[in-house]
2 protein chains.
Amino acid sequence: MDRKPDEATEAAWIGLSRAQRVATATIEARLKAAGLPPLSWYDALWELERAGEAGLRPFELERALLFEQYNLSRLADRLEKAGLVERRAVEADRRGQMLIITPAGRDLRRRMWAIYAPAIQEAVGDRLAAGEAATLAALLGKLA
Amino acid sequence: MDRKPDEATEAAWIGLSRAQRVATATIEARLKAAGLPPLSWYDALWELERAGEAGLRPFELERALLFEQYNLSRLADRLEKAGLVERRAVEADRRGQMLIITPAGRDLRRRMWAIYAPAIQEAVGDRLAAGEAATLAALLGKLA
DNA sequence: CGAAGGTTGATGCAGTTGCATGAAAATAGA
DNA sequence: TCTATTTTCATGCAACTGCATCAACCTTCG
């Protein structure tokens, strides 16, 4: 078995690291400049908004976002403290809880999207020709 | 001007985030399991090894690695404390210093590569068909 | 049932990162 | 020259992450 990456594989890995860093830095900078919280807050709020009234269990959100358990637990703390998320007990499992987005959470997510969307366009869309984004997305999908 | 990403652009951005996270997690886990330091140490050691006897100025390494200045300053502290890198004064600019890899640094880098290389193959190479890696690398290159 | 094992979530502590700032030296410009 | 600006690097402090571990509950299986 060939356990050394060939040149193209290595280039893809390095490109993946660098592209993600550059794009993330751009996007996070736009959010910060607008006085908004980081991307991780957006991701969590978006998942919770999509989940609707029912909300999500922390472990579900953890898997959806690929977060470590302790990081999600603490992110939930911060979101709750900021009034963006409500923690609600769940009858079926007394260890558990439901995380439910609040109206303030939905509002913040919307305001973040107003900055986030053009930042994605700037960091990704503007740099790819027509059709390339779809090709890139398909290839990246094979890695995750 | 269209400042909202289209569907493919958004998919590419999300794919970029997730693919990088999954691949990095795999690779870092392999290094940790082997009792080796994180990727950032490898990257720094590799740049310094390529720079040879002359070494690199911290600000050069900072730009090569896309590190924040304070993070590089502290990474250099740790590498020096671990005996992997030597800090040497530079006559031409008395603010500055040269970072020079030590034999122990070269040795560690080599041992890390023995784990890192197959991990890249596992996380990236094995998941792409022939030719796809080169396509992916080219597209990612446009983002950075 | 009842013990063993797995799942869910929180948390103390150490290490790392982000932010703001500072000190020292180099450079530019009047 | 000599003052203002920029560059290079470090660091105190707060926030965040990683690690280990714990407590509570659920599930499985003899």
Side-chain angles (χ1 to χ4, degrees), chain A residues 17 20-21 24-44 47-48 55-82 85-100, chain B residues 17 20-21 24-44 47-48 55-82 85-100:
Chain A
S17 269
Q20 190 271 346
R21 252 188 282 215
T24 300
T26 302
I27 291 171
E28 292 277 19
R30 297 288 172 277
L31 289 171
K32 182 170 314 184
L36 292 168
L39 269 180
S40 57
W41 287 38
Y42 182 90
D43 293 339
E47 288 294 332
L48 291 174
L56 287 177
R57 296 286 297 267
F59 74 89
E60 297 176 305
L61 192 51
E62 173 192 331
R63 286 161 198 175
L65 301 179
L66 306 178
F67 266 46
E68 299 293 329
Q69 184 270 322
Y70 48 83
N71 280 335
L72 183 71
S73 177
R74 281 155 169 160
L75 176 58
D77 288 347
R78 287 173 230 140
L79 294 174
E80 186 186 29
K81 197 151 123 185
V85 155
E86 186 188 343
R87 267 175 162 132
R88 195 175 297 166
V90 47
E91 342 59 73
D93 185 341
R94 279 189 303 175
R95 294 167 304 185
Q97 58 191 248
M98 300 304 310
L99 298 177
I100 296 149
Chain B
S17 268
Q20 190 271 347
R21 252 188 282 216
T24 300
T26 302
I27 292 170
E28 292 278 18
R30 296 290 172 278
L31 288 171
K32 181 170 317 186
L36 292 168
L39 269 181
S40 56
W41 287 39
Y42 183 89
D43 292 339
E47 288 293 332
L48 291 174
L56 288 176
R57 296 285 297 268
F59 74 90
E60 297 175 304
L61 192 51
E62 173 192 329
R63 287 163 198 174
L65 301 180
L66 306 178
F67 265 47
E68 298 294 328
Q69 184 271 322
Y70 47 83
N71 280 335
L72 183 70
S73 176
R74 281 154 169 161
L75 176 58
D77 287 347
R78 286 173 230 140
L79 294 175
E80 185 185 31
K81 197 151 123 184
V85 155
E86 187 189 341
R87 268 176 161 132
R88 194 176 297 166
V90 48
E91 342 60 72
D93 184 341
R94 280 190 302 176
R95 294 167 303 186
Q97 60 192 245
M98 300 304 311
L99 298 176
I100 296 150

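We name chains A, B, ... by the order of the sequence lines, and we start the count at 1 in each one. Reckoned from all heavy atoms, side chains included, excluding hydrogens, waters and symmetry mates.
- Contact check of residues 62-72 of chain B against DNA chain D (heavy atom, cut-off under 4.0 Å) returns R63(B), Q69(B), Y70(B).
- Atom pair D77(A):CG and dG12(C):P shows a separation of 11 Å (rounding to whole Å applied).
- Residues F67(B) and L75(B) share a closest heavy-atom pair of CE2-CD2, 3.6 Å.
- Remark: the R74(A) side chain and the dG18(D) base include a donor-acceptor N/O pair separated by less than 3.5 Å.
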Under-3.5 Å N/O pairs linking protein and nucleotides 26-29 of chain C:
{"residue": "dA26(C)", "atom": "OP1", "partner": "R94(B)", "partner atom": "N", "Å": "3.1"}

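- In terms of heavy atoms, A44(A) sits closest to L79(A) at CB-CD1, 3.9 Å.
- For residues 59-71 of chain A, there are no side chain to side chain donor-acceptor pair (under 3.5 Å) pairs, not counting sequence neighbours.
- Residue R57(B) is classed as a sugar-phosphate contact, given heavy-atom separations below 4.0 Å to backbone atoms only.
- Atom CG in L61(A) sits about 14 Å away from atom P in dT8(C), given to the nearest Å.
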For this session: Apply side-chain contact (heavy atoms from CB on, under 4.5 Å) to L99(B) and R57(B), showing your working.
Result: CA-CA 6 Å; L99(B) 298 176; R57(B) 296 285 297 268; over 6 Å; no
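- Of all heavy-atom pairs between R87(A) and S73(A), the closest is NH2-O, 3.3 Å.
- Atom CG in L66(A) sits 10.5 Å away from atom CG in L61(A) (nearest 0.5 Å).
- For the pair R78(B) and dG15(C), the criterion of a side-chain N or O lying under 4.0 Å from OP1 or OP2 is not met.
- When the nearest nucleotides of DNA chain D are assigned to E60(B) and W41(A) by heavy-atom distance, the more 5′-ward of the two goes with E60(B).
- Using a 3.5 Å distance cut-off with no hydrogens or angles, the side chains of E28(B) and T24(B) do not pair a donor with an acceptor.
- Heavy atoms only, all atoms of each residue included: Q20(B) and S17(A) are closest at CG-CA, 4.4 Å.
- The nearest pair of heavy atoms linking P58(B) to Q97(B) is CD-O, 3.2 Å.
- Nucleotide dA24(D) holds its P atom 16 Å from the CD atom of Q97(A), rounded to whole Å.
- Separating the CD atom of E80(A) from the P atom of dA10(C) is a distance of 9 Å, rounded to the nearest angstrom.
- Following rounding to the nearest Å, L75(A) (CG) and dG9(C) (C1') show an atom-to-atom distance of 14 Å.
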